[in-house]
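Lettering of chains follows the sequences in order, A, B, ..., and the numbering in each one begins at 1.
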Amino acid sequence: MFKSVRGTKDIFPPEVIRWQNLEETIRKVMKNYNYGEIRTPIFEETSLFARGIGDETDIVEKEMYTFADKSQNSLTLKPEMTAAVVRAYVQHNFGESRPVNKFYYVSPMFRQERPQAGRLRQFHQVGAEIFGTNSYLADCELIILAEDLLSKLGVRNLNLYLNSVGCPKCRPVYIERLKKYFLKIESSLSEDSRNRLKKNPLRILDSKDEKDIHLKEDAPSILDNLCDECGEHFSKVKKFLVGNKISFKINPNLVRGLDYYTKTAFEFTSTDLGAQDAICGGGRYDLLVSQLGGKETPGVGWACGIERILLASQKYEERINESLDCYFCLLGDSPKSTVYNLISELRKENISCDCDMLDRSLKAQMREANRLNAKFVIIIGQEEFEKNVAVCKNLATGEQQIVVTNEVKNYLKKNLIL
RNA sequence: GUGAGCGUAGCUCAGUUGGUCAGAGCAUCAGGUUGUGGCCCUGAGGGCCGUGGGUUCAAAUCCCAUCGCUCACCCCA
C-alpha cells in the first residue's frame, strides 16, 4: 500500500476547515496592516539558498531537498521563504517603484529532518517581510503584527524573546571575545559545544546541555558589545514595544540559525507546544538583499509555523460544526434529472444541497441528512413527483409541510437564515 | 544523523504465565417503522495481530531482522 512519505501529512475534513479559517484570518489581518501577498515557486536554484541562508547552516548542510532536473540544474525545494522573497524583490526591482515594500506569504516549506511534535518535512509557514527601511518602526510593526495574528488565531500562553545580534561592525568583535571566553574552559564544554566553538560559537549560547548551561552564565553578552548604531536601534525597539504594551523578555542567548540576521532578532514561543516551542521567529536582515545581488536594501521579517499554530490553538477551539442547507431524499423511480434541476437552481442561489446517490431507503437517507447536520430535508417520491410538490421538513423542529415544487426555492429562502 | 517507546477492525484500545485470544466501545450497514432523522433495541459486515524469518506440539504473546509511527536530541517554524 502506498503511504504519504515520512514527515508529510494529508489534510482533510474536519481538520482542513481549521486551515481554511486560519488562511482567511491571515488574509484579513494582513489587509489591515497593508501587506501584499507574494507567491513564489516551490523550488529555486540551490545556490540561492546556499548563499542566502548560509553555507554552513544546518538547513543548507543537511536538510535541503535538492535534486537535479533534466538539464542538470541543481534545484531545491524551498526550506524557508525569505531568500525566495528577496530573489523576487531583486528580480522585479520592487525597490524602484516604491521605497518601502511590505509582503506576506503562506506557503509550504521542505526540510529533511527527523519528524517530531510540531516538526514535519513538508510544513507550512505564514510570514511577513518589510523591505526598504532602517527604521525601528518596521521591526516593531512586525512584532505587533505577529502578536496580533497569533492571538487572533487562538494561540495563547505566548512569550516574546528579544535580542540584537549586532552587525558586521560589532558582531565579529563580540564573537572573538566569546571564543576567547569559551576557549579557556573548552574542556568543560559538551561535545556539541566544542564543535560549535569552531563553527559558530554563538550557538553555544543556545545549548540545552547541562554542562553548558552554567558555563554560559558568565559568558560575555552581545548586548554589552553592540556598536553605537546597533545599541541605539535596539533601545528604540524596546522603548517602542513598552510604549505599545507589548511584553517581552530580553534574551541575549537568542541566536537564530540563519546567517543573514542583523540587529533585532526575536522569537515567540508558546507553552502549549512540545519541545519545539518556537511558533514564530524573525529579525532584521540588512545585508541580505545586497548579498543576493540587489541594491543595498534593509529588510525585516518573520515566519510562523502553521502546524505549530494549529497545535498550540487546538485545545482552546470549539468543535467545528459544518452544516448543509438542505438534503434531498429521492425515492422510487422519480426522474432524478427533473429533481436535479431544482437542486441546481437552489445551488445557484447559494443554498447548499446534496442528495442520495445509492437509492437507499428513506430511513437511511434521513439518517444521512441528520449526519450532515442538514437544516431542511426535501422528500420527493413518486407521489410528490406526480403532484408536482415536495415535502419540506425542518430537521431542527421536526415540522414538515408540502410545498409546490416551484415554490420550494422561495420557501427555503424564507425559512433559512442565509 | 543519534536515542527511547510503540505497531491488534475505519477510529480509540483490551488481550493474563505462550494453549477457544480474534475481542470491546465508537463508527458503518441492515432490521425493529413495506415513505420520515436524532434516543433506544436487535443483528451484520469488517483484522495475514506492520512485514519477514526463527524457537515451540502450539506464537498477537518469546527471539532476531526489517519497515513504519511517535517522542526526544541536533536544529528550527
Inset, instruction - Go through the structure and list residues passing side chain to side chain contact (heavy atoms under 4.5 Å, CB included) with A/Ile38, not counting sequence neighbours. - result: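 Testing A/Ile38 for side chain to side chain contact (heavy atoms under 4.5 Å, CB included), a comparison that skips the adjacent residues, returns A/Thr40, A/Val85, A/Ala88, A/Phe103, A/Tyr105.
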Legend entry - Exceeds 12 heavy-atom contacts within 6.0 angstrom, atom CD of A/Glu45: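 No, because the 6.0 Å sphere around CD of A/Glu45 holds 12 heavy atoms or fewer from other groups.
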Is any side-chain N of the basic residue among [X] and [Y] closer than 4.0 Å to the acidic one's carboxylate O?
| X | Y | result |
| --- | --- | --- |
| A/Glu191 | A/Arg194 | no |
| A/Lys9 | A/Glu15 | no |
| A/Glu24 | A/Lys28 | yes |

Inset, instruction - Enumerate the residues from residues 118-126 of chain A whose closest heavy atom to RNA chain B is under 4.0 Å, giving them by residue number; use none for an empty result. - result: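 Those residues are A/Gly118, A/Arg119, A/Leu120, A/Phe123, A/Gln125.
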Legend entry - Exam field: side chain A/Glu384 to backbone A/Gly381, donor-acceptor pair closer than 3.5 Å: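 Yes, A/Glu384 side chain to A/Gly381 backbone: donor-acceptor pair under 3.5 Å.
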Inset, instruction - Mind checking A/Lys9 for me? I need base, sugar-phosphate or nothing, with any heavy atom below 4.0 Å counting as a touch. - result: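 The answer is sugar-phosphate, as A/Lys9 gets under 4.0 Å only of primed atoms, P, OP1 or OP2.
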Inset, instruction - For A/Ala369, answer base if it contacts any base atom (sugar-phosphate contacts may also be present), sugar-phosphate if it contacts only those atoms, and nothing otherwise; contact means non-hydrogen atoms under 4.0 Å. - result: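 Contact class for A/Ala369: none.
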Would you mind reading off the distance between [X] atom [atom1] and [N] atom [atom2], rounded to a whole angstrom?
| X | N | atom1 | atom2 | result |
| --- | --- | --- | --- | --- |
| A/Arg6 | B/C67 | CZ | P | 10 Å |
| A/Gln116 | B/A4 | CD | C1' | 13 Å |
| A/Tyr105 | B/A77 | OH | C1' | 9 Å |
| A/Leu150 | B/A77 | CG | C1' | 11 Å |
| A/Glu307 | B/U70 | CD | C1' | 17 Å |
| A/Arg114 | B/C67 | CZ | C1' | 13 Å |
| A/Ile59 | B/C74 | CD1 | P | 16 Å |
| A/Gln276 | B/C74 | CD | P | 9 Å |

Inset, instruction - Decide yes or no for A/Ile175 and A/Leu202: does some side-chain heavy atom of the first lie under 4.5 Å from some side-chain heavy atom of the second? - result: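 Yes; the side chains approach each other to less than 4.5 Å.
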Rounding to the closest angstrom, what is the interatomic distance between [N] and [M] at atom [atom1]?
| N | M | atom1 | value |
| --- | --- | --- | --- |
| B/U28 | B/U20 | C1' | 28 Å |
| B/C64 | B/A77 | C1' | 40 Å |
| B/G15 | B/U61 | P | 15 Å |
| B/C40 | B/G25 | P | 13 Å |
| B/U34 | B/C11 | C1' | 35 Å |

Legend entry - ring pair (Phe, Tyr, Trp, His ring centres under 6.0 Å) contacts touching residues 1-24 of chain A (sequence neighbours left out):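 Output for this query lists A/Trp19-A/His124.
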Inset, instruction - Only pairs at least two apart or in different chains count here, so list each ring pair (Phe, Tyr, Trp, His ring centres under 6.0 Å) that has a residue in residues 351-370 of chain A. - result: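 Ring pair (Phe, Tyr, Trp, His ring centres under 6.0 Å) check on residues 351-370 of chain A returns no pairs.
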Expected rows: protein N/O vs nucleotides 8-11 of chain B N/O, under 3.5 Å:
none

Inset, instruction - Give RNA chain B the dot-bracket treatment, 5' to 3': Watson-Crick (N1-N3 with N6-O4 or O6-N4) or G-U (N1-O2, O6-N3) under 3.5 Å, [ ] crossing, | other strand. - result: (((((((..((((.....[...)))).(((((.......))))).....(((((..]....))))))))))))....
Legend entry - Stepwise side-chain hydrogen bond (donor to acceptor under 3.5 Å, both in side chains) check, A/Asp325 with A/Ser352: CA-CA 5 Å; A/Asp325 291 328; A/Ser352 56; 3.2 Å; yes
Inset, instruction - Any chance you could list the contact pattern along nucleotides 30-44 of chain B? Use B for base contacts, S for sugar-phosphate-only contacts and - for none, protein heavy atoms under 4.0 Å, 5' to 3'. - result: S-B--BBBB------
Legend entry - Nearest-nucleotide comparison on RNA chain B, the residue closer to the 5′ end among A/Glu63 and A/Ser4: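 The residue closer to the strand's 5' end, by nearest nucleotide, is A/Ser4.
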Inset, instruction - Could you tell me which residues satisfy salt bridge (Lys or Arg N to Asp or Glu O under 4.0 Å) with A/Arg308, sequence neighbours excluded, listed by chain and number? - result: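 Not a single residue meets the salt bridge (Lys or Arg N to Asp or Glu O under 4.0 Å) criterion with A/Arg308.
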Legend entry - ring pair (Phe, Tyr, Trp, His ring centres under 6.0 Å) partners of A/His233, counting only residues at least two apart: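 In terms of ring pair (Phe, Tyr, Trp, His ring centres under 6.0 Å), with neighbours along the sequence ignored, A/His233 is linked to no residue.
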Inset, instruction - Only counting residues at least two apart or in another chain, list the ones meeting ring pair (Phe, Tyr, Trp, His ring centres under 6.0 Å) with A/Tyr161. - result: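 Ring pair (Phe, Tyr, Trp, His ring centres under 6.0 Å) check on A/Tyr161 returns nothing, list empty.
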Check: residues 142-152 of chain A side-chain donor-acceptor pairs under 3.5 Å, at least two apart:
residue, atom, partner, partner atom, Å
A/Asp148, OD1, A/Lys152, NZ, 2.9
A/Asp148, OD2, A/Tyr33, OH, 2.7
A/Asp148, OD2, A/Lys152, NZ, 3.2
A/Ser151, OG, A/Glu147, O, 3.3
A/Ser151, OG, A/Asp148, O, 3.1

Inset, instruction - Sort and list the pairs that fulfil side-chain hydrogen bond (donor to acceptor under 3.5 Å, both in side chains) and have at least one residue in residues 353-364 of chain A, not counting sequence neighbours. - result: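 Those involving residues 353-364 of chain A are A/Lys336-A/Asp359.
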Inset, instruction - Look at A/Lys62 and B/C75 and indicate whether a side-chain polar atom (N or O) is within less than 4.0 Å of OP1 or OP2. - result: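 Checking B/C75 against A/Lys62, no side-chain N or O comes under 4.0 Å of OP1 or OP2.
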